[in-house]
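Structure first, commentary second.
Starting from 1, each residue takes its place in the sequence as its number.
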Amino acid sequence: AGDGDGAFLAKLGALSLALAYAAKYGPPLVVSSDAAASWAAQPPAVHSAAAAAVIVVPTLLNVAKWRQRSGAEADFAGDF
């Protein structure tokens with residue numbers, strides 16, 4: 001919504017860390033061994049898609065934020 005630069009960067013960083021953690025450690029942390037085995041049995045494309053989401057989702061959010069800023073005729077002051 002109307003986040004400031006610091007709040008937006010904090011949210012983007014938290015999302016990136018959460019996605020990276022889920023992609024790397026999520027499957028082994030699943031309580032059900034059936035679910036973990038099911039994840040391990042997935043083709044490499046599924047694992048690649050999860051890893052790509054770590055990059056693509058925050059990037060798309062950043063693009064959306066810059067598009068919103070561009071349309072608002074805002075003054076771009078500050079470091080970010």
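- Across Phe8 and Leu61, no two heavy atoms sit closer than the pair CZ-O, 3.8 Å.
- Val56 is linked by a side chain to side chain contact (heavy atoms under 4.5 Å, CB included) to Leu60, counting only residues two or more places apart in sequence or in another chain.
- When hydrophobic side chains of Ile, Leu, Val, Met, Phe, Trp and Tyr are connected at separations under 4.5 Å, Leu17 ends up as a singleton with no cluster partners.
- Residues Val57 and Leu12 are members of one and the same hydrophobic cluster, defined by side-chain heavy-atom contacts under 4.5 angstrom among Ile, Leu, Val, Met, Phe, Trp and Tyr.
- The two residues Ala53 and Pro58 come nearest to each other via the heavy atoms O-CD, 3.7 Å.
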